[in-house]
S.K.: 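This is the structure, below, for whatever I ask next.
Both backbone and side-chain heavy atoms feed into the values below; hydrogens, waters and symmetry mates do not.
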Amino acid sequence: MATALVIENDPTDDARRLGEWLTEAGLDLSVLRPHAGDELPADLAGYAALVVLGGDQQAYPADGVPAAPWFPEVEALLRKAVRHRLPTLGICLGAQLLATAHAGTVERSPSGPEVGPAVVGRRDAAETDPLFRYVPLIPDVLQWHADEITELPAGATLLAASTRYPNQAFRLGDRAWGLQFHIECDTAMIADWATDSALLAELGYDPDLVVSACNAVMVDVEEVWQPFAARFAALALGELDDDGPRRNLPLLGH
């Protein structure tokens, strides 16, 4: 079975539903938790894909010191993945690290935090993207971030945007994707994040209302992003090419 390396940067943001979708689609997952002391590999030999998850840290250093000591290693792996055309997916912080690893810019968003259910708009370039071509024009997503990618890496292709946060999804090369939003969360994860949340306090949002609003769109998020995850797995398994899937894959829902 092909194995995807999954890097968990924060114990509160595990692979959750995304992990279930990838394993259902045929990928084995090797989850490393550097926050708990797991050592990251020097290279990606033996892996069919790389997934970098989110977290509460910043992708940019403070006073020259990385927000997490393993971030330089993660960025090095992301550069190797792009260079060697290994299917790669970065979620929220993972997308930001994919950007900073390739000279993009991430900073505290001047628009303020973005939290809760939202939609993003698919860009024209998504029409020819192997994963995004089947995503609806205005898909449901879950947001939970205070930082944003203010400048994409040179050569990146913008795939989805929103009014306040233009760089919502992008591709580097032909096999690495970054999503500023979350697709992996379930309601329990959102509820954990909402407990004593500084972001919600900053926005003046009622935690219970945020959790309820997120829960209300969980089915819609799954309808779009479960088949997206299945196509990513198919790419890692060698079952997806530029002409589309080589076997039947879901376009929406299961």
Side-chain angles (χ1 to χ4, degrees), residues 8-18 35 52-63 66-68 71 89-100 104-123 135-152 158-170 177-225:
E8 182 184 292
N9 289 299
D10 188 314
T12 69
D13 191 1
D14 55 64
R16 203 69 57 114
R17 295 205 300 176
L18 175 60
H35 63 81
V52 181
L53 298 172
D56 195 42
Q57 308 96 328
Q58 289 76 44
Y60 47 87
D63 299 323
F71 279 3
L89 182 61
I91 304 292
C92 198
L93 172 64
Q96 295 170 358
L97 290 169
L98 177 62
T100 57
T105 302
V106 176
E107 55 192 346
R108 183 80 176 190
S109 174
S111 299
E114 185 178 30
V115 173
V119 294
V120 297
R122 201 183 70 173
R123 298 297 295 262
V135 170
L137 289 176
I138 306 178
D140 288 283
V141 300
L142 297 168
Q143 301 282 12
W144 203 287
H145 64 100
D147 296 332
E148 69 168 312
I149 303 165
T150 53
E151 184 176 352
L152 290 175
L158 183 63
L159 299 170
S162 66
T163 303
R164 292 173 62 204
Y165 304 87
N167 299 317
Q168 289 284 353
F170 66 97
W177 288 266
L179 310 180
Q180 175 59 80
F181 45 86
H182 291 274
I183 63 174
E184 78 284 13
C185 307
D186 59 14
T187 302
M189 182 183 287
I190 294 292
D192 287 342
W193 290 355
T195 303
D196 297 323
S197 168
L199 290 185
L200 295 188
E202 180 180 341
L203 293 166
Y205 289 177
D206 183 309
D208 291 337
L209 291 179
V210 171
V211 174
S212 177
C214 290
N215 183 62
V217 302
M218 283 293 169
V219 172
D220 299 313
V221 171
E222 180 173 9
E223 185 178 57
V224 174
W225 299 106

S.K.: Is any side-chain heavy atom of Leu18 closer than 4.5 Å to one of Leu89?
M.R.: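 Sidechains of Leu18 and Leu89: in contact.
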S.K.: To the nearest 0.5 angstrom, please state how far the CH2 atom of Trp177 sits from the CD1 atom of Ile91.
M.R.: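 Reported value, rounded in 0.5 Å steps: 12.0 Å.
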S.K.: If you take all heavy atoms of Leu199 and Ala146, which pair is closest and at what distance?
M.R.: CD2-CB, 3.7 Å
S.K.: Counting only N and O atoms by type, is there a donor-acceptor contact under 3.5 Å from the side chain of Arg122 to the main-chain atoms of Val135?
M.R.: yes
S.K.: Shortest non-hydrogen contact from Pro166 to Ala161?
M.R.: O-CB, 2.9 Å
S.K.: Where is the tightest heavy-atom contact between Val120 and Ala160, given as atom of each residue plus distance?
M.R.: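 Between these two residues, the closest heavy atoms are CG2-CB, 4.1 Å.
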S.K.: Check whether any side-chain N or O of His182 sits under 3.5 Å from a backbone N or O of Glu184 as a donor-acceptor pair, and report yes or no.
M.R.: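 Side chain of His182 to backbone of Glu184, a donor-acceptor pair under 3.5 Å: no, none is there.
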S.K.: Heavy atoms only: give me the nearest Ala68-Gln57 pair and the separation to one decimal.
M.R.: CB-NE2, 4.3 Å
S.K.: Return the orientation label for the Trp225 and Phe181 ring planes: parallel under 30°, perpendicular over 60°, tilted otherwise.
M.R.: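 Ring orientation, 0 to 90° scale: tilted.
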S.K.: Tell me if a side-chain donor or acceptor on Glu148 pairs with a main-chain N or O of Ser111 at a distance below 3.5 Å.
M.R.: no
S.K.: Side chain to side chain donor-acceptor pair (under 3.5 Å): which pairs involve residues 211-221, sequence neighbours left out?
M.R.: Thr187-Asn215
S.K.: Would you say Val221 and Val141 make side-chain contact, with heavy atoms under 4.5 Å?
M.R.: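 No. Closest side-chain heavy atoms not under 4.5 Å.
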S.K.: Does Ile149 reach the side chain of Tyr165, with side-chain heavy atoms less than 4.5 Å apart?
M.R.: no
S.K.: Between Phe71 and Thr100, does a side-chain contact (heavy atoms from CB on, under 4.5 Å) hold up when you go through it step by step?
M.R.: CA-CA 10 Å; Phe71 279 3; Thr100 57; over 6 Å; no
S.K.: What's the separation between atom CG in Asp10 and atom CG in Leu53, rounded to the nearest 0.5 Å?
M.R.: 10.0 Å
S.K.: Taking everything shown except Arg17 itself, do over 12 heavy atoms lie less than 6.0 Å from its CZ?
M.R.: yes
S.K.: Search all heavy atoms of Pro207 against all heavy atoms of Ala194 and return the closest pair with its distance.
M.R.: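 Smallest interatomic distance, heavy atoms only, reads CB-O, 3.8 Å.
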S.K.: With the side chain counted from C-beta on, respond yes when Leu98 and Phe170 share a heavy-atom pair under 4.5 Å apart, and no when they do not.
M.R.: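 Of all side-chain heavy-atom pairs linking Phe170 with Leu98, at least one is under 4.5 Å.
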S.K.: Under the side-chain contact (heavy atoms from CB on, under 4.5 Å) rule, what do Val119 and Ile138 come out as? Steps first, then yes or no, please.
M.R.: CA-CA 6 Å; Val119 294; Ile138 306 178; 3.5 Å; yes
S.K.: Side chains of Gln96 and Gln58 only: does a donor on one sit below 3.5 Å from an acceptor on the other?
M.R.: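 On atom types as modelled, these side chains do not qualify, holding no pair under 3.5 Å.
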S.K.: Taking the side chain as every heavy atom from C-beta outward, state whether Val115 and Leu200 have any atom pair closer than 4.5 Å.
M.R.: yes
S.K.: Heavy-atom distance under 4.5 Å between the side chains of Trp193 and Cys185, does that happen here?
M.R.: yes
S.K.: To the closest 0.5 Å, what do you measure between CD (Glu107) and CD (Glu151)?
M.R.: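 With rounding to 0.5 Å, CD (Glu107) is 9.5 Å from CD (Glu151).
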S.K.: Would you check if Gln168 and Glu114 make a side-chain contact, meaning some heavy-atom pair closer than 4.5 Å?
M.R.: yes
S.K.: Would you indicate whether the side-chain heavy atoms of Asn9 and Val52 approach each other to under 4.5 Å?
M.R.: yes
S.K.: Return yes when atom CG of Asp186 has more than 12 non-hydrogen atoms of other residues, nucleotides or ligands closer than 6.0 Å, and no otherwise.
M.R.: yes
S.K.: To the closest 0.5 Å, what do you measure between OG1 (Thr150) and CZ (Arg108)?
M.R.: 13.5 Å
S.K.: Yes or no on salt bridge (Lys or Arg N to Asp or Glu O under 4.0 Å) for Glu222 and Arg16, after CA distance, side-chain angles and deciding distance?
M.R.: CA-CA 12 Å; Glu222 180 173 9; Arg16 203 69 57 114; over 6 Å; no
S.K.: Verify whether one side chain among Glu8 and His35 offers a donor that lies under 3.5 Å from an acceptor in the other.
M.R.: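 Looking only at side-chain atoms, His35 and Glu8 do form a donor-acceptor pair, the distance falling under 3.5 Å.
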S.K.: Give, for atom SG of Cys92 and atom CD1 of Ile183, the distance between the pair rounded to the nearest 0.5 Å.
M.R.: 11.5 Å
S.K.: Looking only at heavy atoms, which two atoms of Pro117 and Cys214 are closest? And how far apart?
M.R.: CD-SG, 3.7 Å
S.K.: With rounding to the nearest 0.5 Å, note down the distance linking OG in Ser197 to CD in Glu202.
M.R.: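 Ser197 atom OG to Glu202 atom CD measures 9.5 Å (nearest 0.5 Å).
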S.K.: Apply the test side-chain contact (heavy atoms from CB on, under 4.5 Å) to residues Leu152 and Leu158: give CA-CA distance (whole Å), side-chain angles for both, the deciding distance (0.1 Å), then the verdict.
M.R.: CA-CA 8 Å; Leu152 290 175; Leu158 183 63; 4.1 Å; yes
